[in-house]
Amino acid sequence: MSAQPPPPPPQKPPPPPPQQQAPISNCPNNLCKNLHKPTSLPDLFFTALSLLFLFPSSPKPQTLFSKISSLSFPQNPRRFLKTPIMTSPTNPKSIAQFSSPQSLTDWLKPRLPSDSFASWGVKPGTKNVHNLWLELFEGETSLADAVPPVRTVRVVTVRIIGGDNRILVESHQELSDGTIRERCRPLSEKMKPGESIECAVHRAVKEELGSIIQGNVEVRIVPGSYEEKVEERVSASYPGLPACYVLHSVNAWVDGLPDGEFCTEEEEYRDWNGMGIAEMAVSVKRHFWKWVDIDSV
């Protein structure tokens with residue numbers, strides 16, 4: 001009987017496969033597991049919201065726009081008007097700040113075009129700085145501290161009604177320098193500070209027409225005729241100086257006036273403190289009047 005071959009040596013069991021290392025993650029286990037599960041739309045929303053709180057976004061780099069957005073502005077910024085400077089003055093200059101016409105000149109020169117200011121009292125029909133100083137002294141004018149300044153004047157206009165549906169207008173003026181200034185407008189006068197409309201009307205008629213009326217000046221204002229309006233334009237008397245005219249207009253009857261054309265004289269300025277300023281101002285010596293159709297004015 002033949003011998004049997006020895007049995008094969010026992011085989012070693014194969015080594016177990018290497019365990020796969022779980023991927024490194026900085027998210028919680030439960031959250032990562034949940035990310036691989038199919039979820040509904042509400043679950044996705046809450047998951048994204050959780051990630052937002054867990055991983056705050058890094059600070060954004062500073063840019064030009066982020067710097068601009070951090071600027072703070074006043075709660076009530078200054079409003080700029082579309083109409084240039086033609087407004088009532090908020091900071092009027094008083095006569096106390098102009099002790100003389102020269103001090104007024106020094107204040108005006110850097111604020112007005114040089115060619116315009118140089119024409120004051122030189123160009124026919126214009127007035128000079130002495131006139132403006134006297135207006136400030138009398139309280140008839142105020143100046144806004146601006147560039148250029150704004151001259152504000154309250155004016156009373158008296159539309160004197162005559163017979164045959166006519167109205168009295170001032171056709172022209174003769175000035176103290178011999179020049180003629182065209183007017184073609186009803187009687188008008190600058191108002192004094194604190195003066196009522198009625199007092200201004202009576203004073204205007206007395207000053208400009210009193211030399212032609214015999215006896216007392218009788219003025220009757222037409223009831224319901226009062227009107228007020230504001231006009232803004234460059235002053236004809238002071239070239240280059242913007243002006244705001246607050247016009248108070250009434251119709252009136254005045255007794256004792258001639259039926260045809262006539263002229264009157266007026267002492268426009270009185271001297272102030274013996275300084276001779278009125279003599280250096282351009283004043284109105286004569287007013288020339290005529291009657292025109294009431295619809296033409």
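Since this is a predicted model, take the numbers as computed values, not measurements.
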Indicate yes or no: at least one non-hydrogen side-chain atom of [X] is less than 4.5 angstrom from one of [Y].
X	Y	result
Leu175	Gln173	yes
Val246	Glu228	yes
Asn131	Tyr238	yes
Ile161	Leu168	no
Glu140	Glu195	no
Lys290	Val169	yes
Cys199	Lys192	no
Leu112	Pro149	yes

Check whether [X] reaches the backbone of [Y] with its side chain - one donor and one acceptor, N or O, closer than 3.5 Å.
X	Y	answer
Ser119	Val122	no
Ser171	Cys184	no
Thr126	Gly121	yes
Ser103	Ser99	yes
Asn128	Trp120	no
Asp177	Thr179	yes
Arg111	Leu108	no

Measure the [atom1]-[atom2] distance between [X] and [Y] for me, rounded to the nearest 0.5 Å.
X	Y	atom1	atom2	value
His172	Cys263	NE2	SG	8.5 Å
Ser249	Glu227	OG	CD	5.5 Å
His202	Ile221	NE2	CD1	6.0 Å
Phe98	Leu136	CZ	CG	6.5 Å
Ile294	Arg159	CD1	CZ	5.5 Å
Ser188	Leu247	OG	CG	8.5 Å

Can you give me the closest heavy-atom contact between [X] and [Y], atom names plus distance?
X	Y	result
Ala243	Ser235	CB-CB, 4.2 Å
Val129	Pro101	CG2-O, 4.0 Å
Val282	Ser176	CA-OG, 3.6 Å
Val222	Ala252	CG2-N, 3.9 Å
Ser237	Arg181	OG-NH1, 3.1 Å
Pro113	Gly240	CD-O, 4.4 Å

Among Asn251, Leu209, Ile167, exactly one meets side chain to side chain contact (heavy atoms under 4.5 Å, CB included) together with Ile160. Which residue is that? Leu209
Checking side chain to side chain contact (heavy atoms under 4.5 Å, CB included) between Trp289 and each of Leu187, Ile212, Leu257, which is the one that passes?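 Between Trp289 and the candidates, side chain to side chain contact (heavy atoms under 4.5 Å, CB included) is satisfied uniquely by Leu187.
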[X] atom [atom1], over 12 foreign heavy atoms within 6.0 Å:
X	atom1	value
Asp115	CG	yes
Asn165	CG	yes
Gln214	CD	no
Lys123	NZ	no

Just to verify, what does Glu208 make a salt bridge (Lys or Arg N to Asp or Glu O under 4.0 Å) with, not counting sequence neighbours?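 Glu208: no salt bridge (Lys or Arg N to Asp or Glu O under 4.0 Å) contacts found.
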Charged N to carboxylate O below 4.0 Å: is that the case for [X] and [Y]?
X	Y	answer
Glu138	Lys190	no
Glu231	Arg233	yes
Glu265	Lys285	no
Arg183	Glu170	yes
Glu135	Arg151	yes

Would you say the side chains of Thr157 and Arg185 form a donor-acceptor pair under 3.5 Å?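 Side chains of Thr157 and Arg185: no pair found under 3.5 Å.
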With sequence neighbours excluded, tell me which residues meet ring pair (Phe, Tyr, Trp, His ring centres under 6.0 Å) with Tyr245.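 So Tyr245 forms no ring pair (Phe, Tyr, Trp, His ring centres under 6.0 Å) with any residue.
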Chi angles and distances behind the side-chain contact (heavy atoms from CB on, under 4.5 Å) call for Asp164, Asp293: CA-CA 8 Å; Asp164 300 328; Asp293 187 80; over 6 Å; no
side-chain contact (heavy atoms from CB on, under 4.5 Å), that's the test. Do Phe137 and Ile277 meet it? Break it down for me. CA-CA 11 Å; Phe137 169 72; Ile277 296 176; over 6 Å; no
Decide yes or no on side-chain contact (heavy atoms from CB on, under 4.5 Å) for Thr105 and Gln102, but give the supporting numbers first. CA-CA 5 Å; Thr105 298; Gln102 183 59 50; 4.2 Å; yes
In terms of hydrophobic clustering (I, L, V, M, F, W, Y; side-chain heavy atoms under 4.5 Å; direct or indirect links), are Val230 and Met191 co-clustered? no
